[in-house]
Structure formats: C-alpha cells, structure tokens
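Written below as structure tokens is the structure these notes are about.
Below, chains carry the letters A, B, ... as their sequence lines are ordered, and counting in each starts from 1.
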There are 4 protein chains.
Amino acid sequence: MKSVDVDENVVSSSKAAARLRAAAVEAFAENGFGATTTREIAARLEMSAAAMYPHYKSKEELLFAIAYEGHQLTLEWLRAADPVHETPSTRLRAVVGEFAKNQATHHARARVVEYELAALTPEHFRAVAGLRRDVVRLVRQIVEAGAADGSFAVPDVEGVTLAIVSLCVDVCRWFPGGSYTDPDTVAKLYPELAIRLAGAQS
Amino acid sequence: MKSVDVDENVVSSSKAAARLRAAAVEAFAENGFGATTTREIAARLEMSAAAMYPHYKSKEELLFAIAYEGHQLTLEWLRAADPVHETPSTRLRAVVGEFAKNQATHHARARVVEYELAALTPEHFRAVAGLRRDVVRLVRQIVEAGAADGSFAVPDVEGVTLAIVSLCVDVCRWFPGGSYTDPDTVAKLYPELAIRLAGAQS
Amino acid sequence: MKSVDVDENVVSSSKAAARLRAAAVEAFAENGFGATTTREIAARLEMSAAAMYPHYKSKEELLFAIAYEGHQLTLEWLRAADPVHETPSTRLRAVVGEFAKNQATHHARARVVEYELAALTPEHFRAVAGLRRDVVRLVRQIVEAGAADGSFAVPDVEGVTLAIVSLCVDVCRWFPGGSYTDPDTVAKLYPELAIRLAGAQS
Amino acid sequence: MKSVDVDENVVSSSKAAARLRAAAVEAFAENGFGATTTREIAARLEMSAAAMYPHYKSKEELLFAIAYEGHQLTLEWLRAADPVHETPSTRLRAVVGEFAKNQATHHARARVVEYELAALTPEHFRAVAGLRRDVVRLVRQIVEAGAADGSFAVPDVEGVTLAIVSLCVDVCRWFPGGSYTDPDTVAKLYPELAIRLAGAQS
DNA sequence: TATGAATGAGCATTCATTCAT
DNA sequence: TATGAATGAATGCTCATTCAT
C-alpha cells in the first residue's frame with residue numbers, strides 16, 4: 001500500500017492504530033490538539049474512549065505518531081519526486097509541484113503537522129524538527145544548485161528557500177479556498193511561482 | 001494613544017482589558033487557545049483567575065477581541081501604507097513591506113489571529129472573516145491594477161494574490177527563525193519576492 | 001402604613017431595605033434561597049450587586065429579615081383577627097379565614113417563610129421558630145377551648161391543631177392553582193374545612 | 001426487587017445509580033437542590049465527585065430521576081391501596097392512610113419531590129406534573145363518587161379534593177414533629193381527618 | 001449610599017487516564 | 001483488544017463579599 005518507509009517503532013502499522021490516527025487528524029485539524037478530547041476521537045470511530053490506550057500510550061503519543069508519519073511521508077515523497085540529475089529549474093518545479101499538491105490533498109494532516117507541534121514533548125519535538133530540517137535542506141540544495149550554475153538569480157539563498165517552503169506550507173491553511181478546490185490546480189500554479197521566486201528564466 | 005480606529009464596542013480600551021489581551025496573546029500563541037487556561041492568563045498578570053470576567057464575558061470573547069483588533073489594525077496599517085496614486089509596483093512593495101514587517105513584529109498576535117479562529121463562535125468568526133476578506137481585497141486591487149496596465153505579468157490574478165498574502169501570513173509561523181531575527185530584514189526581502197511573484201520588471 | 005409592630009432591630013424600615021426584601025422574596029420563592037444569587041436580586045431592582053450590603057450584612061441576613069418579618073406579621077394579623085371573647089367556632093373561623101387568606105395573598109413570601117428556613121444560622125432559626133410556635137399555640141388554644149366546652153369533637157388536640165395549621169400553611173404551595181385564583185375564595189372555604197376538622201356542629 | 005413499575009428509561013435500576021439517588025434525596029431534603037453540591041452527594045457515598053457522571057448527565061437529571069420515581073411510586077402505591085369496589089368512605093380512608101403514611105415514611109424524598117421541582121427543565125417539569133395530576137385525579141374520583149351517592153357532604157368537590165391532598169402532601173414538611181414520630185400514628189389519624197373534610201357519616 | 005473591579009473559595013462538569021472485567 | 005465505571009486533577013466560570021472611589 002505504501003511504497004515508502006515509515007519508522008514502525010513510532011508509527012504502528014496495525015489497522016486500528018491507523019484508524020485512530022486518521023480520526024485524530026480530522027479532529028486535531030478542526031479544533032486543535034488542546035481542544036480535542038480523546039472521547040471525541042473515539043466517538044468518530046464509534047469506539048469507547050478507553051479503546052485508544054492499547055494502541056497509544058497517551059494523546060500526545062498519538063499526535064507524535066501523526067506528526068512523525070506526516071513529516072516522514074512528505075520527505076519521502078519529495079525525495080521520490082526530485083529528478084536529481086535534471087536542471088535546477090526542472091527539479092524545483094517537480095519538488096514544489098509535489099509539495100504543494102501534497103499540502104492541498106492532505107491539508108487536514110498538514111495542518112496538524114505544521115501547527116500543533118507545540119504540544120509535543122521536547123524529545124518528540126526534536127525528532128520531528130529533524131525531519132522538518134531535512135525538508136528545508138532538500139529545497140535549499142536545489143536553490144543553491146541553481147544559484148551556483150547561474151540559472152537562478154537569488155539575492156539571498158536562505159530567504160528564497162524559506163519563502164518557497166513557506167509558500168508550500170501555507171497551502172494547508174487556506175486550501176480549499178477561493179476558486180481553488182482541486183489539488184492539481186495548485187500543483188500547476190505553484191511550480192511557476194517558485195520559479196519566479198528563484199528568479200529563473202522559466 | 002492610538003492613531004487608528006478600532007471598534008470600541010468589541011475591543012475595550014480600558015487598561016486592564018488591554019493587559020488581559022496582551023497576556024492572552026502570549027499564552028494563546030505559545031499553547032493554542034484550547035490548551036490555554038484562564039488561570040494561566042491571569043497568572044501572567046498576577047491577577048486572580050476571576051479578574052478577567054468583569055472585562056470579558058468568556059475566554060472566547062477575549063479571543064474575539066484579540067482577533068478583531070488584530071485584523072482591524074492590520075487592515076488600517078496596510079491602508080495607511082498604500083500609496084494609492086503611485087504605480088502598482090510601488091504600491092505592492094509598500095504594502096507587502098508593511099504586511100511582512102507587521103507579521104514579524106507582532107508574530108505572537110498574528111499567530112493567534114491566523115490560526116486560532118476555529119475556536120470562535122460562528123457569529124464572531126463571520127465578523128473576523130469580513131475583515132480578513134478586506135485585507136485580501138486590498139492586495140488584489142493592486143495586482144489587478146498591475147495586470148491592467150501591463151506592468152505585472154500574472155498568469156492568474158487570484159492565484160498570485162493568494163500567494164502574496166500567503167507568503168506574508170506565513171511569516172508569523174516561522175519568524176523569528178533561521179538567520180532572520182529582525183523584522184526590518186523581512187521587510188526588505190518580502191517586497192522583492194512579491195514583485196517577482198507578480199512578474200514585474202523591477 | 002402598617003398598624004402592627006415589627007421588630008425594627010431586625011427588619012429595617014428604610015425604603016431601600018424594604019425594596020430589597022420584596023425583590024428577594026420574589027427571587028427566593030421562584031428559585032429557592034440556595035439557587036438565588038445576590039446579583040439576581042439586585043438586577044430586579046436595577047441596582048449593582050454591591051448595593052445590598054449597606055442594608056444587609058449578608059444574603060442570609062436578608063433571608064432572616066424576610067422570615068422574621070413574615071412570621072411576625074402573620075402572628076400579629078392572626079391575633080388581631082381572633083375575637084377572643086367569642087365562641088371557639090367563631091374564633092376558629094375567623095383565625096383560619098385570616099390565615100388562609102394571608103397565605104394565598106402573600107404566597108411568595110409565605111413560601112420563603114415556610115420552606116427556606118434551613119438556610120438560616122442556628123441562632124436566626126431559633127428566633128423564627130419561636131414565632132412559629134406562637135402561631136401554632138394560638139390555634140391550639142382555640143381547639144383546646146372548643147374541646148373543653150364540648151363544642152368541638154376532637155380525637156386528639158395536637159393532631160387536629162397540626163392539621164389545621166398544616167392545611168393553612170400548604171396554601172402557599174399550590175395557590176394560585178386549579179380554579180382558585182382569588183384569596184377571598186380560599187378565605188371562604190377554609191374556615192368551613194377547619195370547622196369540619198374540629199368536629200364542630202358548624 | 002420492586003413490585004411496581006418505574007420507567008427504567010428515566011430511573012436507572014443499576015445499584016450505583018440507586019445509591020446516588022438515595023444520597024441525593026437526603027442532601028436535597030436537608031439543604032435544597034440549589035444549595036446542595038455534587039461533591040456533597042458524592043461525599044455521602046465516599047465516591048469521587050466525578051463518579052456521578054457515568055450515571056446521571058447532570059445534577060438536574062439526578063433530581064429528575066428522583067422526582068419522577070417518587071411521583072410514580074406514590075401513584076402506584078395509591079392505586080394499589082385503593083379498594084375500587086368498596087364504598088367511597090372505605091376507599092378514602094384507605095387511600096389517605098396510604099398517602100399520609102408514605103409522606104411520613106419517605107418524608108425526605110417527599111420534600112424533594114414536592115418542593116424542589118422548580119429546578120427542573122421545563123420538559124422534565126412537565127413530565128413530573130403529569131404524574132402529579134394523576135394523583136389528584138385519583139383522589140378526586142373518590143370524592144366525586146361520595147358526592148354522587150350522597151355519602152359525602154361536600155360544598156365544593158375541587159376544594160375538598162385539594163384540601164385532602166394538601167393535608168397529605170404537607171406531612172412531609174413537618175414530620176417528624178410534635179409528638180408524631182411514627183408513620184403509623186399519622187396513618188391512623190389522617191383517614192379520620194379526610195373523612196371529616198369530606199363530610200362523611202363515619 | 002452606591003458602584004465597578006477585584007478576589008478567594010467553590011461550583012458543576014470534563015479531562016486524560018486507569019482498571020477490573 | 002475493548003469496555004463501562006471510576007478517579008484526581010483540572011477547567012471555565014460564578015459566588016458572596018470587599019474595597020477604593
């Protein structure tokens with residue numbers, strides 16, 4: 001079902017655990033982690049509130065599993081989408097298209113993953129922050145490659161990298177919205193926007 | 001004391017009320033509305049937990065006052081910063097510079113204002129959403145003006161407007177971060193990024 | 001305005017104090033002492049919640065003033081209505097008529113006076129219980145007189161006394177109710193009922 | 001365990017629920033519903049304050065269960081005690097004896113049932129008021145039967161019915177009191193009093 | 001007297017979690 | 001695994017009362 005590796009020590013592959021994660025994502029995205037009760041998550045699955053505990057030791061562990069899985073999947077997908085031997089422009093288009101599409105398709109999960117990390121334990125936060133840095137690094141390497149070979153005109157590699165990632169991340173906040181309701185529309189527009197930010201010829 | 005108008009029926013100008021809003025902004029930004037307790041807000045001011053209630057009828061009303069004031073201030077500041085009789089490029093630079101700087105300077109308030117609106121009553125949410133639409137409209141008018149006079153090359157007015165606003169909004173999520181710790185640095189970079197997104201000459 | 005003496009050390013005759021008692025009676029009768037807030041009483045008079053305190057030291061003192069005044073008025077009225085030199089039958093009719101009419105007319109006050117005494121301090125309770133005993137004693141003396149002169153046929157003086165008082169007291173619970181909405185109708189029926197309970201010829 | 005039917009959708013038959021009702025009856029009777037805390041009820045059972053909530057959704061629901069059960073039991077017992085094929089006098093004696101004995105024996109529950117209904121939701125109040133009307137109707141039918149066959153001399157069927165019920169209801173207010181401490185003594189006196197109120201020969 | 005703000009104690013209720021089954 | 005009942009610790013909020021004005 002999934003072609004990428006997700007650390008099974010963190011993210012249980014059992015079916016009940018996966019259903020719990022899915023229900024929790026919806027609830028956390030709608031109301032925030034702090035305002036979501038374990039009973040509400042259980043109610044979405046017509047389970048008792050206690051049924052979560054054989055699968056996750058606490059509500060925070062459930063959030064961690066979601067956040068860890070979410071980041072890991074994004075990272076894997078971006079890596080898979082990156083045509084490393086092509087030109088920086090081609091790579092940037094491919095990666096940003098995948099990223100934006102992902103944030104739109106999985107906007108509920110993305111919201112949790114982007115905005116609810118403050119509720120994690122310091123240790124869990126560090127684990128997730130590591131993956132998050134890897135995502136930024138992936139984009140930065142492309143921007144750097146373009147700056148190096150002159151195909152991009154960037155005043156500031158870090159600023160432009162930050163902006164490109166920022167643009168993609170924020171998709172989960174507003175999508176769906178305005179006339180954008182199809183992830184593919186976003187996936188078409190965003191590579192062009194990234195190219196402009198990078199100051200590439202096209 | 002304040003140079004812009006904020007609706008005093010919503011946002012009390014009393015000193016105690018203002019201190020409560022400031023303390024709540026910090027707490028909500030750090031932990032989210034749902035995970036913040038009224039006791040925690042009071043503790044930041046060394047007040048009793050009950051002292052909030054003569055000023056705000058509920059925690060939600062406090063959030064509303066913050067969100068309403070925040071949006072209204074942003075809107076007023078953007079309007080004040082917009083040199084309406086200049087070229088679209090000049091206007092875009094000015095407005096985006098102000099917007100980005102604002103989101104950086106007041107990143108705690110901005111986080112509350114951008115990410116905690118789901119906790120509002122439907123009625124309060126609508127009131128805030130109205131102001132939010134006005135902000136987008138202000139940016140869109142500039143993008144449209146540039147598209148109309150040919151100074152911008154936009155494939156899609158709505159998409160580009162959304163992206164520019166999105167870029168500015170997301171500043172509050174990551175700022176301060178990376179090597180960016182001064183709002184003025186952001187205020188210098190972001191107009192250039194917006195100009196690129198708009199496909200303007202300079 | 002009133003022709004009977006009420007202890008002014010307990011029941012202030014100031015106008016504001018009297019208005020507070022009247023508002024409190026309504027509130028206590030509707031919701032019970034425990035469920036009534038000082039704010040609710042004040043709200044009925046469009047006063048601030050603090051405005052009660054110059055007049056009554058506490059909510060309990062307000063209840064005491066009401067209960068004391070209520071009992072004292074009842075006692076005075078019954079004494080005034082009792083034609084002590086007439087036959088027991090005539091006296092019983094007169095006293096029960098007055099008692100029943102009173103409980104009907106002032107059913108809100110009577111409810112407070114009859115059912116909310118548990119909230120009084122022990123000392124205050126004792127003061128009110130003394131007046132309450134005087135009311136029963138007044139009725140008992142009439143029943144005893146009728147039993148002594150053979151005009152009443154009572155199996156048990158205490159039981160019949162208790163029943164007559166009980167019947168009158170309970171008026172405040174149900175009045176107005178059924179087709180009884182005029183205190184005078186009650187005042188006509190109840191003397192006949194008391195006469196029957198006393199086993200008098202008529 | 002119980003020989004009469006009580007609606008189990010309203011009044012849970014679980015043991016813990018029944019113990020809660022019993023403890024709440026004592027507390028409400030002593031202090032009134034409004035002045036009784038959920039903690040006090042729990043403390044009487046040496047339970048935690050939260051232990052009530054799996055059984056009753058709120059303090060008001062607990063009151064409703066008590067009031068509904070109380071009225072239903074009274075109604076069933078009166079019906080069971082009514083020898084419908086005997087003379088009105090015999091029936092009145094039997095029903096009033098049962099009623100008075102009941103109000104004396106269960107005076108705590110009766111107090112709650114008679115005096116605390118104002119705290120019910122309108123909907124719950126209506127449900128209880130329906131049962132209450134059935135009790136009055138039962139007594140009225142006997143009084144009417146006696147008036148119809150000439151065995152009672154009633155000036156006013158409604159008034160006499162009201163008085164008989166009133167006399168019985170009020171038992172819970174004063175019992176135990178005076179020299180009356182045994183429900184059976186009340187059960188002996190009250191039928192005679194009712195007979196007198198009804199103007200019956202015996 | 002009267003008030004608005006403040007407070008300590010307390011309220012009904014909910015929470016995440018545990019545990020016996 | 002899953003559950004219903006239970007619990008200790010909150011949670012948002014209210015209460016009677018006080019106090020400076």
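We find that CD of D:E40 is positioned 13 Å from P of E:dG10, with the value rounded to whole Å. For the pair D:H55 NE2 and F:dA6 P, the interatomic distance rounds to 4 Å; values are reported in whole Å. Between A:I41 atom CD1 and E:dT17 atom C1' there is a gap of 13 Å when expressed in whole angstrom units. Protein atom CZ of C:R19 is 9 Å distant from nucleotide atom P of E:dA2, rounded to whole Å. Computed from coordinates, the C:M47 CE to E:dT1 C1' distance equals 9 Å when rounded to whole Å. Here the P atom of nucleotide E:dT7 and the CD atom of B:E46 are 11 Å apart, to the nearest Å. The distance between atom OH of C:Y53 and atom P of F:dA20, rounded to the nearest whole Å, is 17 Å. Regarding D:L63, its CG atom lies at a distance of 13 Å from the P atom of E:dA12, rounded to whole Å.
One finds the CZ atom of B:F64 at 11.0 Å from the OG atom of B:S58 (value rounded to the nearest 0.5 Å). Interatomic distance, D:F28 CZ to D:K59 NZ, rounded to the nearest 0.5 Å: 6.0 Å. Interatomic distance, CG of B:L62 versus OG1 of B:T38, reported as 10.0 Å (0.5 Å rounding). Atom CZ of residue D:R126 and atom OG1 of residue D:T121 lie 9.5 Å apart, to the nearest 0.5 angstrom. Taken to the nearest 0.5 Å, the CG atom of C:L63 stands 11.0 Å off from the OH atom of C:Y56.
If you check distances only, the side chain of D:R39 never reaches the base of E:dG10 with a donor-acceptor pair under 3.5 Å.
Side chain of B:A51, nearest nucleotide from F:dT1, E:dA2, E:dA6: E:dA6.
Toward the 5' end of DNA chain E, the nearer of the two residues B:S14 and A:T38, judged by each one's closest nucleotide, is B:S14. Taking for each of D:M52 and C:A50 the nucleotide of DNA chain E with the nearest heavy atom, the 5'-most of the two is the partner of C:A50. Checking C:F33 against B:K59, the closest nucleotide of DNA chain F that is more toward the 5' end is the one next to B:K59.
A heavy-atom distance below 4.5 Å is not found between the side chains of D:R111 and D:E30.
Taking 4.0 Å as the cut-off between side-chain N and carboxylate O, D:R21 and D:E69 count as a salt-bridged pair.
Secondary-structure stems of DNA chain E, taken as three or more successive Watson-Crick or G-U wobble pairs (i with j, i+1 with j-1) under a 3.5 Å distance threshold, comprise E:2-21 with F:2-21.
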